[in-house]
Each structure stands twice: as structure tokens, then as C-alpha cells.
Protein chains: 6
Amino acid sequence: MRLQLSTWQEVEAYLGRSKGIIMPVGSTEQHGPNGLIGTDAICPETIADGVAAKGDILVGPTLSIGMAQHHMAFAGTITYRPSTFIAVLKDVIGSLERHGFERIYFLNGHGGNIATITTAFSEIYAERSMAGEKGVLRCRLANWFAGRRTKQLARELYGDSEGRHATPSEVSVSYYAHPESVKQAQMEPKVAPVGEIRDALDYRRQFPDGRIGSDPSLASVEDGRRLFEASVEDVAEDYAAFLAEG
Amino acid sequence: MRLQLSTWQEVEAYLGRSKGIIMPVGSTEQHGPNGLIGTDAICPETIADGVAAKGDILVGPTLSIGMAQHHMAFAGTITYRPSTFIAVLKDVIGSLERHGFERIYFLNGHGGNIATITTAFSEIYAERSMAGEKGVLRCRLANWFAGRRTKQLARELYGDSEGRHATPSEVSVSYYAHPESVKQAQMEPKVAPVGEIRDALDYRRQFPDGRIGSDPSLASVEDGRRLFEASVEDVAEDYAAFLAEG
Amino acid sequence: MRLQLSTWQEVEAYLGRSKGIIMPVGSTEQHGPNGLIGTDAICPETIADGVAAKGDILVGPTLSIGMAQHHMAFAGTITYRPSTFIAVLKDVIGSLERHGFERIYFLNGHGGNIATITTAFSEIYAERSMAGEKGVLRCRLANWFAGRRTKQLARELYGDSEGRHATPSEVSVSYYAHPESVKQAQMEPKVAPVGEIRDALDYRRQFPDGRIGSDPSLASVEDGRRLFEASVEDVAEDYAAFLAEG
Amino acid sequence: MRLQLSTWQEVEAYLGRSKGIIMPVGSTEQHGPNGLIGTDAICPETIADGVAAKGDILVGPTLSIGMAQHHMAFAGTITYRPSTFIAVLKDVIGSLERHGFERIYFLNGHGGNIATITTAFSEIYAERSMAGEKGVLRCRLANWFAGRRTKQLARELYGDSEGRHATPSEVSVSYYAHPESVKQAQMEPKVAPVGEIRDALDYRRQFPDGRIGSDPSLASVEDGRRLFEASVEDVAEDYAAFLAEG
Amino acid sequence: MRLQLSTWQEVEAYLGRSKGIIMPVGSTEQHGPNGLIGTDAICPETIADGVAAKGDILVGPTLSIGMAQHHMAFAGTITYRPSTFIAVLKDVIGSLERHGFERIYFLNGHGGNIATITTAFSEIYAERSMAGEKGVLRCRLANWFAGRRTKQLARELYGDSEGRHATPSEVSVSYYAHPESVKQAQMEPKVAPVGEIRDALDYRRQFPDGRIGSDPSLASVEDGRRLFEASVEDVAEDYAAFLAEG
Amino acid sequence: MRLQLSTWQEVEAYLGRSKGIIMPVGSTEQHGPNGLIGTDAICPETIADGVAAKGDILVGPTLSIGMAQHHMAFAGTITYRPSTFIAVLKDVIGSLERHGFERIYFLNGHGGNIATITTAFSEIYAERSMAGEKGVLRCRLANWFAGRRTKQLARELYGDSEGRHATPSEVSVSYYAHPESVKQAQMEPKVAPVGEIRDALDYRRQFPDGRIGSDPSLASVEDGRRLFEASVEDVAEDYAAFLAEG
């Protein structure tokens, strides 16, 4: 059940049955020579829909822009400053809480979002911690690529060529979601270099075609389907546990 | 051409041909008994894709959340505070400008966004006006429903039943985009009341089912198709004029 | 009754009789070759006093600085960034609400303020919409030049020479208020060009002497008196209706 | 020369002769049983006009709202939070600097503004100190009541009955500026108590009629004239010294 | 009793006996050729410990960074912008208030902090003044060097050579606290010049070695001991009076 | 070499030899029944001094308050909201960069700080990434307890009783630094429970005496000495590598 495709009365009725919602959150950033700029939003959105198909689960609108400052030297990247992203998350969570949602599950597609989303949760919790108020709200951040099944499958498929950015896993899932957008590109070296992330020009200097440690030429629609299925299982299990928490 | 479905090299190449981009911007808010919560995002996104299909035009990711504080007493609405929305627009525009985009065309689906988006443009322009710097950046806000052809068609189709919120026009376009999500609902009175917009509880008191002045039971997929085509023509014309400005 | 010329006990007594107040709001910005920099503040202040003279009506201090970023390439202009202006309005409205004012009527003299003031109202309303609290506060934005009688008279007096900035109407009203400050200036062309507003250097390039579409050489003290009287009638009527709203 | 009553060309010409401007800054706050709410704005505005009458000196628009949180338990008081006031001062000073003003002289009427205005100057200076940039801008804060002649005259006229808030001096100057607004009121005790300032309810508890340590029943239009003249001399001297600084 | 060296149960027990706490607050800034960069934090920290040794008094962690923008042209200075410092103080005070502290005594070592700390108190009080809430919180700002005994001793020891920044008094107290860090330096002229404080480069131009009006070559460990003792007495007396206030 | 105990000339000279600095960063928060509130600041400060003793290394002032919102239900905890902490880090880093520091090494003592500090780095880098500017600044976050030798020793000493908060390791190091402050306390159960961190009241409900998963009754001064030595070696190695990076 997609929030965007529901009426308010349908959402009101849903809230009588469940206090949980899955919010896909991604980024709009370069993903190397053959990866889509929307990869990090496409993956969690697709997987969230897969999870929702298995039960009475509501999926909110995808937050398709995230914290991608380090990719700004590559055309097409759009970033929030962390402070903007925190404000976005505060308002989204505050809106959902206002309607009675109590378990908000952010299904994330971008490693670079983790620190900022975690910080946003703390900013929200701090409000009530300072006031000495007891909140019922619980937020969880989960990464679609970090579940047990998904990680194991990625390891089997790509081993050390998985790397850290523009990975064959995420490119595969995005191809599975958009087979019409599969891209061909030459890449040199086959496996990209690794290093530490700082600002955008420094990133481009270290990682000239955008990849970190990966060989996304290995990506395929079929791998994407398998990774999608593994992640749907991982996420469905974790979301159910989140709702069941005492 | 969708930014989300392109690689960074494709965007870099596009920038050699054009400095313009269309950014759909909407809202996640109640649209009465038979309207989708995502209506305001779905309409401009669909029309932007229609415009892009006619030429070498890039469409960015849809900003699907907007300024909807007045709808917060209806389940499922998600709002940015105006200050958050301004921060979002500053970062989105700043990111695009960084890559060399000079004409950013926001195709908007929500009347309640207009003041805040206009204010965001002023906040951005103020920065350079205070610094005495000359900017090449031009932003335009256009509403998909406000072009000549589109307004005339809506008038023909619905006359005074068009109203101001949850209009049959926008519901029709969203049904055209998502025919699987057409909803049936009883509405009383047939045409909703009108009035001034203030805070959320006041809104709900005045407009109990969410509509303002409209009868969206008139909406249909076929009307949606016609309105879509009219708006695509209006927007394509206006966008071309925007790019051609001296 | 001017707030600034009252004691706190007089205001306390007034609040026993009325919950309404008129707040003149203007701008400090260039108004072409013969217009005063204070025009946008002088006009609503003068008209508010005219309205107050007709009844038991309190007029607050004039907010004489507004959103004028686009005029910053002309000496003497002072602008708030929109974010500052929003903070100003939040504190002014919050202070008045604290004392029990429930209907705050902003009588505005500057078209460029409209989006920001509207946004500020939304920012304030959003606070309670997010909290699910019911507010009694109502804010209205009215432009002294937009009432029925005033617009008709301006049309009669100046037709197409009224234009959009540094209009003969507003210059006339400011001359009526300050006849000692009537200015003489040569203007070329007689009627100024029109165009879209962006940042300050762009504005100066398009509108070299500051006017947009107007011929303020037509302004006179006598016209100012007539426009003042028309506007006082328009505003008094609208303010009474605002107080009477259920 | 009043900025508000000048054209932009007149200000441009003035800047060829002087880089200085006087900005009156006050507050909108209770001033005890017989003092006007606008006292703190009226006094510096009146005195600034007196100073300007003696030379080629530009006076900007009065900033009539200041930091008055402690007076909020008395009807009619309007306050900026300090953070808002700092934003206001940054934009005002930034606007003036943009046009080439280099010496900005804030003539203040409210003791409670001093810390915040001083802090605002530091916030502005910090910007360039962090950037390692050399600024030519100089801001000065001067209180109309703190010059040698003015303090001596106040001491002669009222001795210990001058007190700290709602002083006979300031009430007298406001009466001199607005003789039509002289108020009569009984006050008990004759001289008000003294104490430390904290929040609004605490203030009202300590100082029930708003005065601190003063007996403003001593105020008169004639005293106001003498204090005005003394302060004009003090301020003119200090402003000339400010402009002459190397 | 040092907060940092206590357990939470010890603090909880203390709160049963007292609602007061001393918070040393300083700066990290140049102090001329022979003064330590930490002088302004070291002095109040040392004196607070001295006061605490005399009774059941809790001392919080030293806020060792303050508002030092004007010293930024000297290596090693670290400054908060005033707005950051205000945020810091809001959170520190808010945290302490949350636990039940009602009298928070800031023992300050840096004149340049006074305006910002005072402004921070107003920002905090404004919150409850706007809300019409009664607070029990009381904050006091006291300077270790401003008590009766301390000022008199400094006058006896150094007369006019005390000056305003990098004074022999503060250097002496820091030497008493850290005799291993006594520095030797040549200074020319013996007594430094005086002037007004603006931005960092302007400061360095006026005061090339960092001192204002002082001769800190007079400083000694023994003087430091005497000043420490005088200040401990002054502060202990003032803190006791603060706690005893009705 | 301690910044606080140096003169500005000494720091200027140091900058001729090195562009690096170690900044200890901690928290002021409950550490269970026998842990000191200052533990997280004391540990990195002590270890930083140990590292500095081995070479020509500058140590800045300890940032002793951090992000501890989840501990606010325990007396004595002081927290920054994440947004405040980000502002603090921006100003501290900006100040150091202004003087020519290029490698800023934050030696952290609190796991709860990691997300916010990482986010602060991104906020700073974003500034230059948006501007398209190349920065030379590099920030690193290192945790004193996370080096190879230190982790191994902690495992040897405490195994599973190390836990996640109020660990015997950190308590030991704080005891080594302050043997006069060793505390005795009964704890039930011996090893504390584990769980997820949310807001303060939720934390206290889950972890009633403040510990998470640890048995700090195992802590001792002697263990502290060994852990200190291990960590000094780990940190010295990592800091040297940081300075040596190309």
C-alpha cells in the first residue's frame, strides 16, 4: 500500500490496524560510468514495494535526495547539507507522528546518509529528553544491502569486486527495477581504488570515474532480481521484528 | 530524459547542449474522499515526462513533499515547515547551479507551495544582491494547471465545480497517471464549501472532508488524458520561452 | 489610537473592548527618480491612521523594512532576507498574541512583501498544525492599493501609466503625507519598461532608474488625498469584516 | 536628511560627501503608568533629527522594536528574541555596507538593547575575522541618555528619582516630542523599587506597575526640551568624533 | 565537588541539599607575549575550585571556549560566533535545569564574553516570557576579576599598568595555577596602547602584540596567589548571596 | 604541548613545524554507579597528553560536552543538541583552519558522539563542495578505545563484561587519571542489560543504573595504566599516519 496512491480515509483506516510505516530514503548522486544517478533511491523504493506486497504494510513517499556532498564534482548530483537533511527528517517524522504513526522504518539506500539520519533521530529524541517527556515514537534506520541474506548473496556474486560505492549489487537492483535503463561503459581499472571520503574535489581526485573499490561491470538484471528477493526477505523480517518490539 | 535514470556522464554531455532542467514539485497531502495523497506530485511529474518526451529535455527528481501545514488534520499528510522547504530549495538549486545549470524550471502541482517557493527564490537571490554579485541563475515557478489551454479545458469540463482544492482536474490527471488507483467515494455536499486557509484544525472545521469548493466526483481517466495533453502543450511552450529569454 | 503613544494600561483597557490591531508594514527601497525611499511604509502608516480615526482601532508600530533584495543595486535600499523577515513577523505576532490579540491585520505597502508575509503566516500556523493544537489567532494580509475603490481610482487617474513599481498612486499618497518632500525629476522614457524580477544587478540592468512600467511624474498631493480617502474606506470595510468573521 | 524622505539619487549623492549614517534604535515596551509604549523609539528618533538639523547628516529609519522580553507581562509590549534582533541588525548593516556606508552610528533608547546590539556587532565582525578579511565597516552603539551633558542635567532635575526604567528623563523627552500625548497617572509608591531583571512574570512580580527605581510623575514637556537639547549636543559631538576617527 | 569527578548518584544526592552550581566560563585566546592562551579559562576554573573547597558547592565543567573573534589574527585563538555560544549556553542551562538546578552561577574570565552571555540569558528568558510561563531558573554572570577585594588588590599591585587585556592580574592568577608555564618575553612599549575593539585585523593593527593597555611583565606567581585568595573571598560571598535570594 | 598553556607566539612557531593538532572530545554524562560523569572527556584528554609527550605535538582544549541526550534522565548529564554540537565543531575547526592548521585529529571518548561529529565534518566539507572549492583541510575522528592494541587488551581483561556503556575499560582509564576519585558501588545485576538507544526516559527504563552490558566493578587504576599505555601507542601511530598522508 503506497501512501501516495491512497486517500486520507484509507490511511486513517490503516492506522486502526498498524502504527508502522516504511519510508524509503536514498540519494541523487553519481554511481560511476554505468550506474544510474537515482540508484540509491530506486533500490529501497523497489524493495519497500516488494515488502509491502507481502502484507498490510504502508510505504511512504521516497526521500530521493540525501547527503551526497562528496559527489558534487560529478554532474547531476544533488545534495542536502546535513543541516537541511536533518530539518527534512524532523518534519517528515513530526508529520507522521502527528497522525499516530509510532514506528517509522527508514529503508536506506546510501551509506553516506547513515551518520546524518542517525544524528537527525538524536535531534528529535533530544527535544523530548530535554523536556523530560516520554515519547512513544521509535525510528529505525535499516540499509537494504545490510541484511544477512543480501550480504551473503553479494559476497557470492562479486567477492572483493563489490567495493564501497557504485557496487555491482546496487547497480544490479536498479537494473532489475529499470531494465530499460541498463548502461554500457568502459571502466579503467577494472576494480576502482579505495580511500577516505572528504570533500568533492578531493573525492574526484582520488576516484576519477566515481567508483570506490567496485567493478559494476558485473551488474545484471538477473543478479538484481536475486538481490531484490534476498533483501525483501531480510527487510520483511526486520520490519516485523521492529513492529513486534515491546 | 530523467536525471534519476541517467549516468553522470550523460548529464555532463547534456549540459553541453542545454543549461535548463525541469524540476517537478508537489506535495503529500489529503485530496478529499476520492483524491490520492500524492496527487500534487503525480501531476507535475507526469506532465514533465510528457514535455521531456517532446525534446532533449532533462527532468530532475520530483520533490514530492511541500508546504501542506493546513492539511495536517487529515491522516497521511506530510508537510515541510516553510523554513525547511526553503532550505531544501536552496540546496537543490545550489547543487544544480554548481554543475552549470542556469535555467531551473519548477513545475508545481500545489497552490499552497507558491508563496514558499517564491520566497525561497528571493532568499537565494538576496544572497547575491547583498554581495553585489551578478548571477546567471534564473529560476521560474510554473503551475501545471495555470496555462491557457489547461485552464480553458478545466473550465469547459467542470465550470464552477472545479473549485480550489481536490479539484476534478487534478484528480483526473492523477487517475490518468494511475488508472489502477481510481477511487469511489460518496461526497456531501456535492460541491464543497469555500473559505480562507489558516491552521490545520481550523481547516478541518471549515472543510470536513478536505475539499474546497470542488466536486471531484466528476473526475475521470479520460478527462485526465485531455488535461495532460493540454498542460504538456502549455508547459512545453512556456519552458521553451524560458530557455530562449535573453 | 497609536500603540506607540499609549500606556500599557490603555492597551490593557483596549483589549477589553477589541482583540484586533492594524500593523502597517512597508519597505525601505528606491522608488524611482521622484519617489521617496520610505514610500511603502509611509502609505500604509498614513492610511492606517486614517482608518483608526474612524473608530476605536489600535494601530501598532510600522514595520518599515521589508523584503527588497531586488532593489539593492540602488543606494539607500535596506532589505531583510526573507528568513529574517519571517523571524521578525513570528516575534511580532507572538508578542501580540501573548497579550490576547486574536485578529492581526497587516496593512502592506509593498508587493514584494506578499510572498514572504504569506510564508511567515504559514510558518506560524505550521507550529500549531504540527502540534495538533487549536489556535484562535487569525492573521490577514491586505494591500492598501488593492481595494476596489482604490484600484478603480488609480485606473481612472493613470490608466496604463500606473505600472508596477514606483507607481504614480503610491508616490501621490506619500506626497499627500509629506508635501514638504515632493520631488522633481526628469524621467526617460516617460513610461518605464516591464519585466520579471530576479536579483539586484539584473533588476538594475532591466530597469535603470528603478521604475517598472510606471510614469510617476503624474503624481500629485491632490491625487494622493483622493487615493488616501478611497483606501481608508476600502481598508476600514475590510478590517471590520475581518473582526466580524465567525 | 531623512533616508525615508529622500530619493535613491539623493542618497547616492550624499554618499559622495559622507560615509556615515545615524540609525535610531528603540523598543516597543511598557514605560510605567504615564510613559508611552514607544518612548524608547521616540527619544532617539527625535534627537537624531535634532542632530541632523545641524549638518549634512543622514538619518535612517527608526528600528522601533528591540529586545524587551522582560516587559512581556505588560500589555502592548512587542519584543524580538535576541536571535531575531541580531538577524535584523545583520541585514540592516549589511544593506548599508553594500551601498558604501562605512560608519554606522546606532543611537539607542533602550538599556535592554545594549547586550544584544553589542553581540550583533560581534557576530558581524566574526564573519570577517574568521575569513581573515579586512573590513572598513565600523559600527558604534551610543545611548542618547549617556552623554555628559544629558546625564548631568538628568541628575540636576531628578537626582535619585531618575531610576532605571520609565525614568522621568525619557518620559520628558517623549512628551516634548508628543505634547498631545502627555498622560496623568497615580503612582504608588512615589519612587519605584529596584532589583535584577529576569523573565517577564518575575519582572511583573518585582515591579508591579512597570517602573524600576523611578518617579516619572516628575516628567514635563519643558524638561524634555532641555534634555533634548543637551542630548543633541552630546550626540552631535560624539558622532563627529566617530566620523573623524582614523 | 567537581561534577566531572562525581557519579550521577552523588549529583542526585547533592541536588537534595542545594539547587546551585558554579560554571566556570572562559576563552581560548591570545594573551600577549607572556600570557597563556588558556588564561581566561584557567582563572575562573581555579577560583571556582577555591570557592568549592570552602563548602558543599558543585562546580561544573569549564566552558573553555568563548567569544574571541577579535583575537583571531593571533595564532591559537579559537572562537565561537556569538550565535554558537548562545546555542551552547542554552543547551548547558537547559540540561542543568532539567535535573533541577535553579541557580546557575557563571564565573567568567573574559570581558569579551559578557555581552554574549547576557544575550544568551535573555534568549532563554524570552522563551518563557513569550509563553507566559513562570520560571524558577535564575542565571547570574559574575567576573572573577570584578569583586571588591580583587579590584582593589589589582589596583594596589599594578595601578594603571593593569590595562584591559592580557592584564598582569590574570596572567598572575594563571601562573599561580600553572607555575610550570611561567613565560618570559620582551615587550615594547612597556604599557600597551588602548582603543576600541572591532574585527580581528583591525585589532592586530591597533595592538600588534595582543595586549591592550597593560604591562603583564609585572605578573608573578606570588601576586597570583594573593589575587586568587581575594577573588575566592569575593566570589564565595556573591555566590552565597545568589543562593540566599528570595 | 598544550595549546592552553602556550603563548600565541609559541603556537605560531609550532605552525612552522607542523600543521597538525589533536583535539580531545568527550561528553559530560552518567557512567553508571561507579563511573565519573567526566569519564569520556578525561580519557581522551589523558591519552592525548600521553601522545604529545612523545613528540612535538600540540593538544587543543578538551571539548568536554558532547551529544548525550539519551543520558538526560540521570542527574548531572549535560548535552548538546546535535545541531549545537555541529555549530561548535564548525567554529572550532574554522578557527584552527584560519591559523593554518590542516590536519585536525579529534580524539573521541564517547560512542554517542560519532554520528554527530561525522555529520559535522560533512557539513563543513559541503560548504566547499557546493562552492566548487578545493580545501586542504582534513579532519579525522578517532576513538581512543578503538585501536588494535587497546581493543585486544580490553578483551583480555574483561571479555564480555566490557559491554557498551560505562565499560570497565573507560572507568579504569579515568581512575588512572584521577586515582583520588575511585568510587565503590554495589551493582545489580553484575553485568548490565543491552538494548537499543532512543530517548532519555526510554533509556532509563531499559538501563536503570545507567550501564549497558558492562560490569565496571572490574575497573582498577592498574588496568587503567595498561589501557592508557596501549591507547597512547595506538593513537600515536594513527596520528603519525594521518600527518603523513599524501
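In the text below, chain A, chain B and the rest are named by the order of the sequence lines, each starting its count at 1. Every heavy atom of this structure was used, including side-chain atoms; hydrogens, water molecules and symmetry mates were not. Nothing here was measured: the structure is a model prediction, and the numbers come from that model.
- Contacts between C:Ile65 and chain D at a heavy-atom distance below 4.5 Å involve the side chain alone, from C-beta outward.
- In this structure, NE2 in D:His99 is found 10.5 Å from CZ in C:Phe74, a value given to the nearest 0.5 Å.
- Looking at heavy atoms from C-beta onward, D:Tyr80 lies in side-chain contact with C:Val88 at the 4.5 angstrom threshold.
- For C:Gln4 and D:Thr28, the side-chain atoms include at least one donor-acceptor pair closer than 3.5 Å.
- Looking at C:Glu12, both its backbone and its side chain come within 4.5 Å of chain D, counting heavy atoms on both sides.
- Residue C:Glu29 does not touch chain D at all, counting heavy-atom pairs closer than 4.5 Å.
- With a 4.5 Å cut-off on non-hydrogen atoms, D:Glu10 touches chain C through its side chain but not through its backbone.
- Proximity of C:Thr7 to D:Ile37: side-chain heavy atoms (C-beta onward) are nowhere separated by under 4.5 Å.
- Using a 4.5 Å cut-off between heavy atoms, C:Ala73 contacts chain D through both its backbone and its side chain.
- Using a 4.5 Å cut-off between heavy atoms, D:Leu3 touches chain C through backbone and side chain atoms alike.
- A distance of 12.5 Å separates NE2 of D:His71 from OG of C:Ser95, quoted to the nearest 0.5 Å.
- From D:Ser6, atom OG reaches atom NZ of C:Lys183 across 5.0 Å, with rounding to the nearest 0.5 Å.
- Both the backbone and the side chain of D:Ile78 have a heavy atom closer than 4.5 Å to some heavy atom of chain C.
- At a 4.5 Å heavy-atom cutoff, C:Ile21 makes no contact with chain D through either its backbone or its side chain.
- Both the backbone and the side chain of C:Leu5 come within less than 4.5 Å of a heavy atom in chain D.
- Listed options C:Ala87, C:Pro33, C:Gly100 were ranked by heavy-atom pairs under 4.5 angstrom with chain D; first place goes to C:Pro33.
- What you find for D:Arg81 and C:Asp91 is that their closest heavy atoms are N-OD2, 2.8 Å.
- The candidate from C:Gly210, C:Ser174, C:Ala41, C:Gly32 with the greatest count of non-hydrogen atom pairs under 4.5 Å with chain D is C:Gly32.
- Contact count versus chain C (heavy atoms, under 4.5 Å) is highest, among D:His178, D:Arg2, D:Lys90, for D:His178.
- By a heavy-atom distance cut of under 4.5 Å, C:Pro61, C:Thr62 are the residues of residues 43-62 of chain C near chain D, going up by number.
- The candidate from C:Met72, C:Gln9, C:Arg98 with the greatest count of non-hydrogen atom pairs under 4.5 Å with chain D is C:Met72.
- Of the two parts of C:Glu180, only the side chain, counted from C-beta on, holds a non-hydrogen atom closer than 4.5 Å to a non-hydrogen atom of chain D.
- In this structure, the separation between CG on D:Leu89 and OG1 on C:Thr84 is 10.0 Å, given to the nearest 0.5 Å.
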